[in-house]
Amino acid sequence: MTIYHSVTELIGRTPLIQLHKLDTGPCSLFLKLENQNPGGSIKDRVALSMINEAERKGLLLPGGTIIEATAGNTGLGLALIAAQKGYSLILVVPDKMSREKIFHLRALGAQVVLTRSDVNKGHPAYYQDYAQRLANDLPGAFYIDQFNNEANPLAHRTTPAPELYEQLDGNIDAIVVGVGSGGTLGGLQAWFAGHSPHTEFVLADPAGSVLADQVETGRYHDAGSWLVEGIGEDFIPPLAHIEGVHRAWRITDQEAFTTARALLKTEGILAGSSSGTLLAAALKYCQAQTTPKRVVTFACDSGNKYLSKMFNDDWMRQQGLITRPQAGDLSDYIALRHDEGATITASPDDTLSTVLARMRLYDISQLPVLDDGKVVGIIDEWDLLRHIGGEGDRFTLPVTQAMTRQVEFLDKHAPESDLHAIFDRGLVAVITDNERFLGLITRSDVLTAWRNRLQQERNTR
C-alpha cells in the first residue's frame with residue numbers, strides 16, 4: 001500500500017459511484033465522491049491550488065496571514081492547508097453556517113468572524129465586503145478571494161475534469177453542477193470544451209438564488225433566501241462563465257434536504273446540503289430525458305457537517321421542512337413531542353450535574369421531570385443557579401431538591417389564549433391528552449409555528 005507523508009497528498013483522485021436505488025429515468029447517473037477529500041469537500045482542491053499559486057507568485061510569504069470570505073468548505077480546505085504550511089487564517093463566514101463547520105474551523109486553528117447572512121453584496125456586513133475590508137486594514141494580510149482568483153477554476157480544470165473523463169472513458173453526456181464562487185463550473189467547462197465539447201452543463205440552483213434566472217432569461221432581479229450552504233448567489237460570479245449553461249433547475253431547500261437524506265438512506269452516502277441540491281437537479285434532468293444518457297454530478301461535501309441541521313428531524317420541523325398532520329389543537333405547537341421520543345427529560349433522582357449535562361448537550365434551558373411517565377416538576381437554569389450557588393458539592397443534589405413543582409398543565413383542547421396567560425407569568429405550558437404527557441410549549445415554539453404557518457401559506461399562493 002502507498003504511504004503518504006502529508007494530508008495534502010490525499011486531495012483529489014476521488015472515487016466515482018453509479019447510483020442504482022434512486023429513480024434516474026432512462027439515464028445512468030454517477031456521483032463523484034468529493035466528500036472523500038481529507039477536508040471533506042471539493043474545496044480542498046481549490047484551497048490547495050490558490051495557496052500554491054499565491055506562493056509561486058510571491059503573494060503569500062512564510063508565516064503570513066490569509067483572509068477569506070467563505071460559506072464554509074473553502075474555509076475548511078484553507079484551514080487544513082494553512083495549518084500544514086504554518087499560515088495564520090482569518091475567515092469571514094455568514095451566520096447561517098452549521099455549527100459543525102465552525103467547530104471544525106476553530107479546531108484547525110482558524111479565526112472565525114461571523115457576519116450577517118441576510119444582507120446582499122454592497123452592504124458593509126456582507127461577508128465578501130467584510131473580508132476585503134479586513135485584509136485592507138491588516139498589514140501583510142493576503143485576501144485570497146476565491147470569487148476572483150483564477151487559481152480556483154484552475155483547480156477544477158487540472159484535477160477533477162480529467163479524472164472524470166478517465167473514470168468514464170470519455171463518455172459523459174451531461175454534468176450537473178452548482179455555483180458558489182463559480183470555479184467548478186468555469187474550470188470544468190474550460191477543460192471539456194477542448195476534450196468533450198458535446199458534454200452539456202446543467203445548473204442546479206437553490207430556489208431564491210439569481211443564477212437560474214440568468215441562465216433562462218439573461219437577467220436577474222433581487223435574490224431571495226435559502227438554507228442550503230455553499231451554492232447559490234445574489235450576483236453572477238465572473239469565474240462561472242454561466243453563459244455556457246443552457247439549462248437550469250431550481251431546487252427548494254426541502255427538495256435538497258430530502259434528497260440528501262434519501263441518498264444516505266438508499267445508497268449509504270452521507271453528503272451535504274449542496275450535494276442534495278445537485279442530486280435533486282440531476283434526478284430531475286435524468287427523469288426528463290427520453291433517451292439514455294450518462295450523467296455526472298458531485299457529492300460536494302460530507303453530511304457530517306450538517307448532522308445538527310438537515311439530518312436532525314427536530315431542526316427540520318422547526319424550519320417547516322418536515323411537517324406533521326395538523327391536529328387543530330395545542331399539540332400543533334409542540335416542537336419536541338414526547339410520544340416521538342424527542343422530549344429531553346429528567347428523573348426525580350437524577351443529579352443536578354446530570355441535568356446540566358443534558359441542557360448543554362441538547363442546547364435547551366429546561367427539562368420536565370417525569371416520574372412513572374407523569375410530569376411532577378420542571379427544572380431550568382435558574383433553578384440550578386439558585387440551588388448550586390457556586391458550591392461544587394451541590395451538583396450531586398437530586399433533581400427533587402431544585403425542581404419547581406408549580407407546573408402549568410393544559411389539555412391539548414384548551415384555547416390558545418390559555419397559553420398566553422401562562423407565558424405572561426414567565427412559565428412554560430405542559431400539554432396533556434387525558435393526563436398523558438405530550439410535550440412542552442414555550443414562547444419560541446409558538447413563534448416558530450406561526451412563522452412556518454405563514455411560510456406554508458405563501459408557498460401555496
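Throughout, residue positions are numbered sequentially from 1 according to the sequence presented. Quick note: numbers below take in every heavy atom, side chains included, and nothing from hydrogens, waters or symmetry partners.
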Measure the [atom1]-[atom2] distance between [X] and [Y] for me, rounded to the nearest 0.5 Å.
X    : Y    : atom1 : atom2 : answer
L78  : K85  : CG    : NZ    : 12.0 Å
R394 : T351 : CZ    : OG1   : 14.5 Å
H156 : L239 : NE2   : CG    : 9.5 Å
L370 : F437 : CG    : CZ    : 5.5 Å
H413 : N434 : NE2   : CG    : 7.0 Å

Mutual orientation of the aromatic rings belonging to F147 and Y127 [parallel < 30°, tilted 30-60°, perpendicular > 60°] | perpendicular
Greater than 12 external heavy atoms within 6.0 Å of [X]'s [atom1]:
X    : atom1 : answer
R386 : CZ    : yes
R324 : CZ    : yes
K374 : NZ    : no
D424 : CG    : yes

Is a salt bridge present between [X] and [Y], judged by a nitrogen-to-oxygen distance below 4.0 Å?
X    : Y    : value
K412 : D433 : yes
E34  : K43  : no
R360 : E381 : yes
K101 : E229 : yes
E216 : R247 : no
E100 : K309 : no
R358 : D363 : no

Taking the side chain as every heavy atom from C-beta outward, state whether R425 and E408 have any atom pair closer than 4.5 Å.
-> yes
Taking every non-hydrogen atom, the tightest pair across [X] and [Y]:
X    : Y    : answer
I81  : D44  : CD1-O, 4.0 Å
A402 : L352 : CB-CD2, 3.8 Å
D213 : Y220 : CB-CB, 4.0 Å
I51  : A82  : CD1-N, 4.3 Å

Start with the C-alpha distance between T8 and S6, add both sets of side-chain angles, then the distance that settles side-chain hydrogen bond (donor to acceptor under 3.5 Å, both in side chains), and finish with yes or no.
-> CA-CA 5 Å; T8 60; S6 169; 2.9 Å; yes
Under the side-chain contact (heavy atoms from CB on, under 4.5 Å) criterion, do L384 and I379 qualify, and how do the steps go?
-> CA-CA 8 Å; L384 295 182; I379 186 163; 3.9 Å; yes
Is the charged tip of K32 near the ring of F298: under 6.0 Å from the six-membered ring centre and within 45° of its axis?
-> no
Any sub-3.5 Å donor-acceptor pair from T258's side-chain atoms to Q254's backbone N or O?
-> yes
